[in-house]
Amino acid sequence: MNEIQKRVDELHNMLNQYSYEYYVKDNPTVPDSEYDQLLRELINIEDEHPEYRTADSPTVRVGGQAQSTFEKVQHDTPMLSLGNAFNADELRKFDQRIRDNIGEVTYMCELKIDGLAVSLKYEDGQFVQGLTRGDGTTGEDITENLRTIHAIPLKVDAPLTFEVRGEAYMPRQSFLKLNEEKEAKDEQPFANPRNAAAGSLRQQDTRLAAQRKLSVFLYSVNDFTQFEASTQSDALDELDRLGYKTNQERQIANNIDEVLEYIDKWTEQRESLPYDIDGIVIKVNSLEQQQELGFTQKSPRWAIAYKFPAEEVVTTLRDIELSIGRTGVVTPTAILDPVRVAGTTVSRASLHNGDLIQERDIRIGDSVIVKKAGDIIPEVVKSIIDRRPEDAEVYHMPTHCPSCGHELVRIEGEVALRCINPKCPAQLIEGLIHFVSRQAMNIDGLGDKIIQQLYENEVIKDVADIYYLSKEDLLPLERMGEKKVANLLAAIDASRENSLERLLFGLGIRHLGAKASQTIAEKYETMDRLLEVSEEELVEIYDVGEKLAQSIVTYLENEDVRALINKLKEKNVNMSYKGVKTTEVTGHPEFEGKTIVLTGKLQEMTRNEATEWLELQGASVTNSVTKKTDIVIAGKDAGSKLDKAEKLGTTVWSEAEFQDKQKEIED
Ligand code: IVH
């Protein structure tokens, strides 16, 4: 072997070893300067003799190539997600279900790293491709950016061809430093380490990705057969031996109580970790048992994610503002002293409705606890009564609409107060905003502010007026130039061609969502046929219930609505369905064509609901148990039908089992 090759090999070995010690083992053995010096030497050799540059050279860690797009690649096996549990009860149910199915188990508890899932492919021990999760079926090829992550081995000492999966993340310290730098440059900081990691892996310039100091924890391999592993625990140990970084806080739990102890421990200690976690993942440890339990369409049955409760913070409620939605519902919104919660600054939060303000005795001036529901939507949880200032003000919901002055009403059975004036400006403006929104007519450039101005200047009063807009109407508006006006008019023009379902959804018919709009447009094809349709016909449709059918018919019968539709027609707005016809929705294979009998008292749903649901899945629900019966679902106090089923050897499900199936299908 020539001298250069020898030195290159030496450099590869040393650099890989040092990287491993530093980034995987968290245990550096040489000063950074030494690593840098060796790396520089290797870069110089490669610059002078490009033939020595290889895909697995440690020099790829610094990045180099820029790429403009990330190719979409289908995963060999889908990247699924996990079912969630939010409390001990739900975990005990999970445990019970598993033990009912396969008997005693031990669990592996792992931290749920708050980053993004990645899949890494190796061929003959060489890292060849790295993908994001994407939609689970298809991900994006981010190989080059992943190569810059030191914790990812570019090759392993075994000729393995396999796929490892794990979570890429940004350590807290790197995140803080990155945001400091961004702020110094007057750039928008990242909301949290997860966003920062995701943004970094989608950097087009790999050199920038390389500077972002990302890391990764691997937690699974696709093909255990190449491993001498019979448990998740063995598999992770094997990954360790191969030089991968796995999380060392994992722990085996012999029963659900030990799982709960592990959860308690990390709920308390999570802040002391150098990276963010958002929960705990609990997996059946035995790989054989995992296989036995299998998967639902979306997630493994052998694992679950316990999610930590949402972060709660305290701030002051300064005021309560009202907003009026498209359907006239009046929603109170809390105006707060800005406060950081779950990664963003919050200054407004929903108070839902007047009853809630009263029940929780929330007053203006109070210190309040705020959290984000589902970690996204800020809401006020409660007031801290002990800290109430003397001048805190009790809030009374208004009796009249703050927009039009019409008396507010409370619809029976609803908590919301509603303005029922069909000419209420606030509602009309919201209706216009809805009409142009992405899922509806998708008119780009017609933002809320512009709509508001156009409405207030009486240029548009209804959605059809949008198609009567001219350059002269638009130019005088704030922040509108020739170019913007031209673009906007082009967008309006293009929207005339939209398929019927967009128009239907855009009209804002009560209870009519985008999905049902699609189904209805597909079925009736033209607006004219829809104008003739009866409630009875509509309820026949798969996802149309009585309330919706009634709402549609009442709406379309209205004279003003008919006039509006004609006004739209005059401006050549398309009134027919253009989409591709999808095939008839069929039921679920588990139920399709099955004969099912319900017996006993169901606790979670009425018998009608259960029947309706089963029929939607393609089953027929009958009354008596015969040889033809496929499944009997037995509620509480089931009697003779259950006896008969047992005699005939018919499959019997408890209500809980039935619910599990439902959950699986609906997820
Ligand atoms: S196991 C079939 N283990 O949590 C999916 N996931 O929905 C098996 N995650 O995006 C995932 N830490 O990337 C597993 N120790 C861990 C994890 C973990 C984080 C992420 C995963 C996925 C989400 C689960």
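First listed ligand is number 1; within each ligand, the first listed atom is number 1.
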Atom pairs and distances, ligand 1 N/O vs protein N/O under 3.5 Å:
unit_1: ligand 1; atom_1: 3 (N); unit_2: Lys283; atom_2: NZ; d: 3.0
unit_1: ligand 1; atom_1: 4 (O); unit_2: Lys112; atom_2: NZ; d: 3.4
unit_1: ligand 1; atom_1: 7 (O); unit_2: Leu82; atom_2: N; d: 2.9
unit_1: ligand 1; atom_1: 12 (N); unit_2: Ile113; atom_2: N; d: 3.1
unit_1: ligand 1; atom_1: 13 (O); unit_2: Glu167; atom_2: OE1; d: 2.3
unit_1: ligand 1; atom_1: 13 (O); unit_2: Tyr219; atom_2: OH; d: 2.7
unit_1: ligand 1; atom_1: 15 (N); unit_2: Glu110; atom_2: OE1; d: 2.9
unit_1: ligand 1; atom_1: 15 (N); unit_2: Leu111; atom_2: O; d: 3.2

Exercise. Would you confirm whether Thr519, through its side chain, and Lys515, through its main-chain N or O, come within 3.5 Å as a donor-acceptor pair?
Key: yes
Quiz item: Is the distance between the ring centroids of Tyr306 and Tyr262 less than 6.0 Å?
Solution: no
Quiz prompt | Lys265 atom NZ, neighbour heavy-atom count above 12 within 6.0 Å | solution = yes
Quiz item: Looking at Phe190, is Lys182 sitting on its ring face, NZ or CZ under 6.0 Å from the six-membered ring centre and within 45 degrees of the normal?
Solution: yes
Self-check item: Check: Arg133 side chain, Met79 main-chain N or O, donor-acceptor pair, under 3.5 Å
Solution: yes
Quiz item: Any salt bridge between Lys93 and Glu90, counting N to O under 4.0 Å?
Solution: no
